[in-house]
Amino acid sequence: DAGVIQSPRHEVTEMGQEVTLRCKPISGHDYLFWYRQTMMRGLELLIYFNNNVPIDDSGMPEDRFSAKMPNASFSTLKIQPSEPRDSAVYFCASTSKGTANRYEQFFGPGTRLTVL
Amino acid sequence: EDKVVQSPLSLVVHEGDTVTLNCSYEVTNFRSLLWYKQEKKAPTFLFMLTSSGIEKKSGRLSSILDKKELFSILNITATQTGDSAIYLCAAENRDDKIIFGKGTRLHILP
């Protein structure tokens, strides 16, 4: 398995632009998590899905952020409009609660977002 | 509000030293405590702890949980330069929500 796949790996955009981050979880995993990491705030959980259904989005900073999971193999995190304070590394992670290692989250390589 | 606090924030030691990283948590409906290692890219899983007093061990790394004091430690003995990384502690609740601490940045000097 290729692991969790995220795209793009890096994005630089100007304030006010729409940003869409993409994630393909590991096949067979039924949980998907979106995190944001900055030096100041560390790794923050934004939202997570179980069987494509959003379970907890309390970590989403504001209405400019939205996430979808239209099927088991794809999720998006959208920021519209983007602001400089959104600059961070965004990680996607997946796991399956039905396996022996059910607490082990597998992280993607991350998307480094810079908003100018 | 649920929170996970790690200390120290940063640590620099010489190769061969032993280090202890601390993690305290306040999480409603706590289920498990997780440790991750993050080098240049994404975090990788180290340990999952659910019971107090039972040490988990992997090579030179070990970890233990105290559910009464809401505390966990991660020990690394005979440190090597390859142990340099950010070590993340996270608490999971029974709704599958995971809250991470800010991490301890460990640097091992040769």
Side-chain angles (χ1 to χ4, degrees), chain A residues 2-7 9-10 21 23-26 29-60 88-112, chain B residues 1-10 21-25 27-51 54 56 58 61 63 65 72 85-107:
Chain A
V4 175
I5 298 172
Q6 289 187 247
S7 66
R9 294 294 304 276
H10 300 270
L21 311 181
C23 174
K24 183 181 188 309
I26 291 173
H29 282 188
D30 52 357
Y31 280 80
L32 184 140
F33 301 79
W34 281 103
Y35 293 92
R36 176 173 70 175
Q37 188 175 39
T38 61
M39 285 289 289
M40 289 296 293
R41 300 175 68 90
L43 195 62
E44 302 172 278
L45 176 65
L46 300 177
I47 184 172
Y48 70 99
F49 297 83
N50 177 215
N51 291 322
N52 314 337
V53 176
I55 302 301
D56 189 329
D57 65 354
S58 59
M60 296 285 259
V89 179
Y90 290 81
F91 286 104
C92 173
S94 70
T95 191
S96 173
K97 299 295 184 177
T99 66
N101 293 325
R102 64 192 186 97
Y103 294 103
E104 180 175 358
Q105 289 196 0
F106 294 82
F107 282 76
T111 294
R112 183 176 293 278
Chain B
E1 184 183 339
D2 293 339
K3 62 180 180 180
V4 174
V5 178
Q6 292 186 246
S7 65
L9 291 178
S10 180
L21 311 183
N22 305 297
C23 175
S24 64
Y25 63 92
V27 172
T28 306
N29 291 325
F30 171 83
R31 177 160 65 190
S32 63
L33 194 289
L34 309 164
W35 283 98
Y36 285 82
K37 178 182 181 182
Q38 184 176 23
E39 296 177 84
K40 292 184 178 178
K41 295 184 179 178
T44 54
F45 175 78
L46 292 175
F47 297 114
M48 184 270 290
L49 303 145
T50 56
S51 301
I54 299 176
K56 289 281 182 92
S58 176
L61 276 67
S63 182
L65 175 66
S72 176
I86 299 172
Y87 289 84
L88 296 164
C89 171
E92 183 188 31
N93 70 13
R94 296 188 184 280
D95 295 322
D96 302 321
K97 184 174 181 178
I98 296 179
I99 303 100
F100 277 84
K102 291 187 178 181
T104 293
R105 188 178 293 270
L106 176 65
H107 185 68

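Basis for what follows: all heavy atoms, side chains included, without hydrogens, waters or symmetry-related copies. Convention: sequence-line order gives letters A, B, ...; per-chain numbering from 1.
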Residue selection (most heavy-atom pairs with chain A, distance under 4.5 Å) from B:Asp95, B:Leu46, B:Leu88, B:Thr44: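 So the answer, after comparing B:Asp95, B:Leu46, B:Leu88, B:Thr44, is B:Asp95.
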
Pick one of side chain, backbone, both or neither for [X], based on which atoms fall under 4.5 Å of a heavy atom in chain B.
X	value
A:Met40	backbone
A:Arg112	neither
A:Gln37	side chain
A:Thr38	neither

Minimum heavy-atom separation for B:Ala42 to A:Phe107, with atom names? CB-CB, 3.5 Å

Quick one: CZ on A:Arg9 to NZ on B:Lys41, what's the gap to the nearest 0.5 Å?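 Here the rounded value is 5.0 Å.
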
Are A:Tyr31 and B:Asp96 close enough that a side-chain donor and a side-chain acceptor fall under 3.5 Å?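 Checked: A:Tyr31/B:Asp96 side chains pair up, N/O donor to acceptor below 3.5 Å.
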
Report yes if some heavy atom in the side chain of [X] is under 4.5 Å from a heavy atom in the side chain of [Y]; otherwise report no.
X	Y	value
A:Tyr35	B:Pro43	no
B:Ile98	A:Tyr48	no
A:Gln105	B:Tyr36	yes

Need one label for B:Gln38: side chain, backbone, both or neither, based on atoms under 4.5 Å from any heavy atom in chain A.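 It is the side chain, since no backbone atom gets that close.
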
